[in-house]
Amino acid sequence: MSRTVQSVERAAALLRALSAASEPMALGELAAAVGLAKPTAHGLLRTLAGAGFVDQEPVTGRYLVGSGLLRLGSVTLDLNELRSETLNWVDTLAARTGEEARIAAYRDGAAVVAHHVFRTGPGVQVMDTGKALPLHATALGKVLVAFDPGAARSVVGRQLDRLTFRTITDRSALLRALADARDTGWASAVSEARPELAGIAAPVRDRGGYVVAAVGIAGPVPRLCDSRGRPRSDLVEQVVGVSRSISRALGHGRVA
């Protein structure tokens, strides 16, 4: 039998359009993109939202791919499991860079650190394992917001707290930073959470390709950045390399 179900085809078209979009889409945009009447598109989107496959921004009413769809085939790790599965790689990242290294996952509106390794050398350091880091002002948080719809929803339409003079508090500026993170596969934060601190992070994917965590390093701005205040390319390569190694260890053979 070659007969297909029209409503399923239309729902699939809506999901493909949302997946290809770089930002949430309005109902009219979606309907036009797939050639449907707005009432028809609206009914399908409501059904998809009920299944967790589509989310709707509470303020703008725009639609985006839901976490339920992205989590199909993935296994959610709790923080203890995440730590046990990745601690050797996070230790390796700290040893290779000489900076403190962390791996964090999105939980309850923040990037929660599952494992933290101190940098080498003297100086007072505070263990961050279990600590909640701001999503918009840290490299780890930006990675999670860029790739995790749940994390993205938690910052959309909400006031972004200014922690330093360089903290991104403008929604448009944050969206540009997130788009850059998706394009390059890594994110940075320079003097955004603390004036003297910089961070570099990259996504960690499970076997289904879903981003389950972010791994990265943090340290003084002069050590992590070049003379123009940009993250050092050699450190970016180290972070991205370890993120890919962890993703392969979690079963994700193809890392984008």
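Values below: every heavy atom of this structure, side chains too, minus hydrogens, waters and symmetry copies. The chain is numbered in sequence order, starting from 1.
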**OP:** Not counting sequence neighbours, list each pair that qualifies as a side chain to side chain donor-acceptor pair (under 3.5 Å) and has a residue in residues 184-198.
**Re:**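 Qualifying pairs, neighbours excluded: Lys142-Glu192, Arg194-Glu196.
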From [X] [atom1] over to [Y] [atom2], what is the distance, rounded to the nearest 0.5 angstrom?
| X | Y | atom1 | atom2 | result |
| --- | --- | --- | --- | --- |
| His115 | Asp91 | NE2 | CG | 4.0 Å |
| Leu250 | Glu81 | CG | CD | 11.0 Å |
| Thr129 | Leu79 | OG1 | CG | 10.0 Å |
| Glu85 | Asn80 | CD | CG | 12.0 Å |

Determine the minimum heavy-atom distance between [X] and [Y], stating which atoms define it.
| X | Y | answer |
| --- | --- | --- |
| Pro203 | Ser243 | O-CB, 3.3 Å |
| Arg182 | Ala146 | NH1-O, 3.0 Å |
| Leu174 | Ile168 | N-CG2, 3.6 Å |
| Thr169 | Leu160 | CG2-O, 3.3 Å |
| Ala105 | Val212 | CB-O, 3.6 Å |
| Ala137 | Leu163 | CB-CD1, 3.8 Å |

Original post:
Linking I/L/V/M/F/W/Y whenever their side-chain heavy atoms sit closer than 4.5 Å, directly or via other members, would Leu144 and Leu64 fall into one cluster?
Top reply: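 Cluster IDs for Leu144 and Leu64 differ.
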Check: [Y] main-chain N/O paired with [X] side-chain donor or acceptor under 3.5 Å:
| X | Y | value |
| --- | --- | --- |
| Ser247 | Arg205 | yes |
| Thr86 | Trp89 | no |
| Gln56 | Gly61 | yes |

**OP:** Answer yes or no: are there more than 12 heavy-atom neighbours, outside Asp108 itself, under 6.0 Å from its atom CG?
**Re:**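 Incorrect, the count does not exceed 12.
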What's in the same ILVMFWY side-chain cluster as [X], cut-off under 4.5 Å, chained through other members?
| X | answer |
| --- | --- |
| Val221 | Val190 |
| Val113 | Leu133, Leu140 |
| Phe118 | Met127 |

[X]: what forms a side-chain contact (heavy atoms from CB on, under 4.5 Å) with it, not counting sequence neighbours?
| X | value |
| --- | --- |
| Ala101 | Val90, Leu93, Ala94, Ile217 |
| Ser172 | Asp170, Arg176 |
| Ala13 | Arg16, Val34 |
| Ala32 | none |

A side-chain contact here means heavy atoms from C-beta on lying under 4.5 Å apart; do [X] and [Y] qualify?
| X | Y | result |
| --- | --- | --- |
| Asp55 | Val65 | no |
| His136 | Val145 | no |
| Leu135 | Tyr106 | yes |
| Val204 | Val211 | no |
| Ile246 | Ile103 | yes |
| Ser7 | Arg10 | no |

All salt bridge (Lys or Arg N to Asp or Glu O under 4.0 Å) counterparts of [X], not counting sequence neighbours:
| X | answer |
| --- | --- |
| Asp226 | Arg230 |
| Asp234 | Arg232 |
| Glu29 | Arg62 |

For residues 38-53, which side-chain N or O atoms pair as donor and acceptor with protein atoms under 3.5 Å away, sequence neighbours left out?
unit_1: Thr47; atom_1: OG1; unit_2: Gly43; atom_2: O; d: 3.1

Original post:
Going by an N to O cut-off under 4.0 Å, is there a salt bridge joining Arg171 and Glu57?
Top reply: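 Yes.
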Original post:
Looking at Arg102 and Glu100, does any basic side-chain N land under 4.0 Å from a carboxylate oxygen?
Top reply: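 Looking at Arg102 and Glu100, the cut-off is met.
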**OP:** Could you walk me through whether Leu18 and Leu30 pass side chain to side chain contact (heavy atoms under 4.5 Å, CB included), step by step?
**Re:** CA-CA 8 Å; Leu18 286 173; Leu30 270 171; 3.7 Å; yes
